[in-house]
Amino acid sequence: MKKAHDKFRDPVHGFIEVNAFEREIINAGPFQRLRNIKQLAMTHLVFHGAHHTRFEHSIGVMHMVTRAFESAIKNGTPGWPHEKIIVYRQILRLIALTHDLGHAPFSHAAEAVFPQGMAHENFTQNVILETEIADIIDQIGCRFAREYGEAYHITPNLICNIYQGKDPGPDLEYTFLKSFMDSELDCDKMDYLLRDALYCGVNYGRYDVERLLSCLTICQREGFPRLAIQSGGIQAFEEFMLARYFMFVQVYFHRTRRFFDTMYASALKKVLPGGKFPSVTKEYLEWDDYRIWDLLRENAGNFIECENIVHRKVYPRIFETKTHPTEADFKNFNIIRKLIYEKFGKDSFIEDCSADKMPHKIPIKTTVDDERAIIIVDETEGKISTISEESVIIKSLTDKINIQRIYLTDRALFDDVTAFVQKYINS
């Protein structure tokens, strides 16, 4: 007899409960593959505890989105019938559970060698629609249709369309659901910040998750529900945004981690058949971290990128810009690059000029009707505003993170190059 519910013990959230159908998804091959896809690519070569995977992250996001939705419903009292709340809760749990199924080996670092026009979101959709995951979601949908009516029939296409924003749903309610998984307040970020901080052994990603979740609510705008925050949660949201900012600066854009990302992307072009991952879903799912690592190890004697990764050989950083460079900083970087290339040869260096990210995508000047706005509800004063109006911290985080670096490939030149760069800087 199938158990109605099961529990997973999670190092971040404690016990996480799943129902029988969700357990079937977790046990399915495409989901089990996520056990072999590291959450943070080669970060374990820098922060040695970072061996966590997309598997536990996906289960964690499902847990977080459930708590967030239930809190918003409780505080926001949308007046929906019980069956709608139950079905919407299940839709969100399915989106959260399946949202990373299309990730490549070592996650984002591999996306440089995707087939043309493909991203991990495209592969995720294909996995949901073309594998046994679709059959399980169909079973869930049929159960809800029998119990609550055909209007509540969940389908694999519906799951994909809501997450991708293709279906706004009745009274834009699907757009409301999407905001739990794709916004500046989404549960994907809520989980990965806490999880990455734990496994990297840093404090940067921690924030008051209990306070943030407890302050989620619903704001009705022209009859449409919007995910919002009660005014008492402003500081918790600021802390959440700062946690993400610090994790990018200190962990995700760490110079050694970025070096291995660069090596990995270059290595894949040389070791993969045709230099790219296959576009056929069944063939794509055969690739995971272990298969790639075997290829890297087999080719460590053939390609310098493979050797550097397998034997953890790191090129020294010669020069980098500030975290938030000005035009003058970019100009200075370009001059130094030009001078050292001319004197020591371009082949003696590699660049990383793609460590760029906006601290957030919240418009600084916005209204509550802007779909990107984070709405703040002050129930005591009956006031509705936005985080951009209420938070000095959010308004100050407007400059893009854009770190540009140059690494030296020939260690024999290190003293001469560093002396040359230092002389220019001091001149």
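The first residue in the sequence is number 1, and the count goes up from there. Just so it is clear, the structure is predicted and the values come from calculations on it, not from any experiment.
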Check residues 232-240 and write down every donor-acceptor pair under 3.5 Å in which the side-chain atom is one partner and the other belongs to a residue at least two apart or another chain.
{"from": "E238", "atom 1": "OE2", "to": "S391", "atom 2": "OG", "distance (Å)": "2.5"}
{"from": "E239", "atom 1": "OE1", "to": "D208", "atom 2": "N", "distance (Å)": "2.9"}

Check this for me: does any side-chain nitrogen of one of D288 and R33 sit under 4.0 Å from a carboxylate oxygen of the other? no

Pair Y88, L177 - check side chain to side chain contact (heavy atoms under 4.5 Å, CB included), show working. CA-CA 8 Å; Y88 280 1; L177 295 183; 3.9 Å; yes

When every non-hydrogen atom of T124 is compared with those of T98, the smallest separation belongs to CG2-O, 3.3 Å

Is the shortest distance from a Lys or Arg side-chain nitrogen in E22 or R93 to a carboxylate oxygen in the other one below 4.0 Å? yes

Is E210 paired with R67 through a side-chain N to carboxylate O contact shorter than 4.0 Å? yes

If you measure only the distance, is there a donor-acceptor pair under 3.5 Å linking the side chains of S354 and R258? yes

For V310, does its backbone N or O pair with a side-chain atom of R297 as donor and acceptor, under 3.5 Å? no

Counting only N and O atoms by type, is there a donor-acceptor contact under 3.5 Å from the side chain of N75 to the main-chain atoms of S71? yes

Taking atom CZ as the centre, does F224 end up with more than 12 heavy-atom neighbours from other residues, nucleotides or ligands that are less than 6.0 angstrom away? yes

From CA spacing to verdict: side chain to side chain contact (heavy atoms under 4.5 Å, CB included), R372, K361: CA-CA 7 Å; R372 298 171 298 168; K361 297 178 183 177; 5.8 Å; no

Trace of the ring-ring contact (aromatic ring centres under 6.0 Å, His included) decision for F349 with Y341: CA-CA 8 Å; F349 304 92; Y341 282 10; 5.5 Å; yes

Donor-acceptor pair between N19 and Q90 side chains, under 3.5 angstrom: yes

Distance flag, aromatic centroids of Y264 and F260, threshold under 6.0 Å: no

Indicate whether any N or O donor in one side chain lies under 3.5 Å from an N or O acceptor in the other, for T281 and E130. yes

Within 6.0 Å of NE2 in H48, more than 12 heavy atoms from elsewhere: no

Would a 4.5 Å heavy-atom cut-off, applied to side chains only, mark D138 and I154 as touching? no

Is it true that R291 and D294 have a side-chain N and a carboxylate O under 4.0 angstrom from each other? no

Is a side-chain donor or acceptor of E17 paired with a backbone partner of D6 at a separation under 3.5 angstrom? no

D378 backbone acceptor or donor facing E381 side chain under 3.5 Å: no

Could you pull out the closest heavy-atom pair between P325 and K322, with the gap in Å? CD-O, 3.3 Å

Taking atom types as modelled and ignoring hydrogens, do the side chains of Q125 and Q164 form a donor-acceptor contact shorter than 3.5 angstrom? yes

Taking all atoms of both residues into account, what is the closest heavy-atom pair of G117 and N122, and its distance? O-OD1, 3.7 Å

Between K383 and E389, does a salt bridge (Lys or Arg N to Asp or Glu O under 4.0 Å) hold up when you go through it step by step? CA-CA 12 Å; K383 173 186 172 185; E389 299 173 82; over 6 Å; no

Distance alone, cut at 3.5 Å: any donor-acceptor contact between the side chains of R54 and S107? yes

Does a donor on one side chain sit under 3.5 Å from an acceptor on the other, for S385 and E390? yes

Please report whether the ring centroid of Y245 lies less than 6.0 Å from that of H324. yes

Between E320 and R255, is there a salt bridge with N-O shorter than 4.0 Å? no

Side chain to side chain contact (heavy atoms under 4.5 Å, CB included) assessment of Y152 paired with E147: CA-CA 9 Å; Y152 294 115; E147 193 164 346; over 6 Å; no

Tell me, do P156 and I133 make a side-chain contact under 4.5 Å, heavy atoms counted? no

Between H99 and H57 (judged by ring centroids, cut-off 6.0 Å), do the two rings come close enough to count as a pair? yes

Reported CD1-to-CG distance for the pair I140 and D135, which is rounded to 0.5 angstrom: 11.5 Å

Is there a side-chain contact between Y424 and N332 in this structure, where contact means two heavy atoms from C-beta onward sitting under 4.5 Å apart? yes

Report yes if the side chains of T418 and Q422 come closer than 4.5 Å at any heavy-atom pair, otherwise no. no

Taking atom NZ of K395 as the centre, does the number of heavy atoms from other residues, nucleotides or ligands within less than 6.0 Å exceed 12? yes

Just by distance, with hydrogens left out, do H108 and D261 show a side-chain donor and acceptor under 3.5 Å apart? no

Between Y252 and D196, is the side-chain hydrogen bond (donor to acceptor under 3.5 Å, both in side chains) condition met? List the steps. CA-CA 10 Å; Y252 307 144; D196 293 349; 2.6 Å; yes

Honestly, is R35 close enough over F55, meaning NZ or CZ under 6.0 Å from the six-membered ring centre and within 45° of the axis? yes

Would you say the rings of F259 and Y315 are close, in the sense that their centroids are separated by under 6.0 Å? yes

Would a distance-only check, ignoring hydrogens and angles, find a side-chain to backbone donor-acceptor pair under 3.5 Å from R244 to P359? yes

Report the relative orientation of the aromatic rings in H254 and F47; use parallel for angles under 30°, tilted for 30 to 60°, perpendicular for over 60°. perpendicular

Side-chain contact, heavy-atom cut-off 4.5 Å: H63 with D191? no

Below 4.5 Å, heavy atoms only, C-beta onward: do L242 and L397 meet side chain to side chain? yes

Between L227 and I218, is any pair of side-chain heavy atoms under 4.5 Å apart? no

Under the 3.5 angstrom rule, does the side chain of S266 hit a backbone N or O of M263 as a donor-acceptor pair? no

Step by step, work out the side chain to side chain contact (heavy atoms under 4.5 Å, CB included) result for I336 and L339. CA-CA 5 Å; I336 289 176; L339 290 173; 5.6 Å; no

Would K38 and F106 count as a cation-pi pair here, with the cationic atom under 6.0 angstrom from the ring centre and within 45° of the axis? no

Between L285 and T131, is there a side-chain heavy-atom distance shorter than 4.5 Å? yes

Measuring from L185:CG to I374:CD1, what's the distance to the nearest 0.5 Å? 5.0 Å

Are the charged groups of E351 and R405 less than 4.0 angstrom apart, N to O? no

Validation row, ring centre F123 to ring centre F114 under 6.0 Å: yes

Return the minimal non-hydrogen interatomic distance between Q230 and S214, and the atom names on each side. OE1-O, 3.9 Å

Pairs meeting criterion ring pair (Phe, Tyr, Trp, His ring centres under 6.0 Å) with involvement of residues 185-204, two or more places apart: H52-Y199

With distance as the sole test, does R195 use its side chain to make a donor-acceptor pair with the main-chain N or O of P11 at under 3.5 Å? no

Scan side-chain atoms only and decide if D186 and S183 contain a donor-acceptor pair under the 3.5 Å cut-off. no

